[in-house]
Amino acid sequence: MISLQSDKVLGATIRDLIIPAERVAHVQVKNNLEHALLVLTKTGYTAVPVLDPKYKLHGLVSTTHIMDSILGLERIEFDKLEHMTVEDVMNKELPSLKMNDTVEKGLELLVDHPFVCVQDEDNMFEGILTRRTILDRLHTHFQKNNNEKDLD
Ligand code: AMP
């Protein structure tokens, strides 16, 4: 039977698993929706964090938010993209983590979200924890565990 050695894996902090802020694609609160759509399309990400110039976290914006906001009754009103800003449509209700939170807490939040933002006490953005990173860590652990069992 596979033992997860839960304390060792789930009790560790997420600190070493996050993608740091400088490697995370983001948009600014005052960017217009045309720019945000360009960033989302070019990166291929479904959603990205919304920051202010001081790197404070304000929300998340996704392609769905943007498309929904320009959906008219009979057509998609593309001309609105230029005049609306990210803060008009972003999602402000988002779960977040702190650097010292455990992998177990991260795993719990990632059940419902493809990634979770990590911020400090002053809401300054520090990076993201993604589903891929957590699954990769658990997969590596299971594999190592299996290999050790085969040697027994
Ligand atoms: P993944 O688990 O790598 O597929 O990532 C899940 C989601 O996390 C993506 O769809 C993006 O919304 C977000 N994401 C992952 N990596 C980045 C990054 N470097 N910059 C911005 N968002 C990211």
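Every number for a ligand or one of its atoms is a count from 1 in the order of the listing. When a residue number appears, it is its place in the shown sequence, counting from 1.
Closest protein heavy atom to atom 19 (N) of ligand 1: R23 O, 3.1 Å. Atom 1 (P) of ligand 1 has as its closest protein heavy atom R132 NE, 3.7 Å. The nearest protein atom to atom 6 (C) of ligand 1, hydrogens excluded, is given as P114 O, 3.8 Å; this is a heavy-atom distance. Scanning the protein heavy atoms around atom 9 (C) of ligand 1, the nearest turns out to be Y45 CD2, 3.6 Å. Taking atom 14 (N) of ligand 1 as the reference point, the nearest protein heavy-atom neighbour is I128 CD1, 3.6 Å. Nearest protein heavy-atom neighbour of atom 20 (N) of ligand 1: A25 N, 2.8 Å. Protein heavy atom closest to atom 13 (C) of ligand 1, with residue, atom name and distance, is F115 CD2, 3.4 Å.
We find the NE2-CD distance between H141 and Q143 to be 11.5 Å, quoted to the nearest 0.5 Å. Note that OG1 of T102 is 8.5 Å distant from CG of L97, once rounded to the nearest 0.5 Å.
Within a 6.0 Å sphere centred on NZ of K80, other residues, nucleotides and ligands contribute more than 12 heavy atoms.
Looking at A47 next to ligand 1, an N or O pair under 3.5 Å apart turns up.
Ionic pairing of K105 and D101 is present here: one or more N-O contacts between side-chain nitrogen and carboxylate oxygen are shorter than 4.0 angstrom.
Under the 3.5 Å distance criterion, with hydrogens and angles disregarded, a donor-acceptor pair is assigned to the side chains of T85 and D88. Side-chain contact of H83 with N32: a donor-acceptor pair under 3.5 Å is absent, judged by distance alone.
Per-residue contacts place T46 under 4.0 angstrom from the following atoms of ligand 1 (heavy atoms of the residue considered): 10 (O), 12 (O).
Judged by distance alone, with hydrogens and angles left aside, the side-chain atoms of D112 form no donor-acceptor pair with the main-chain N or O of L109 at under 3.5 Å.
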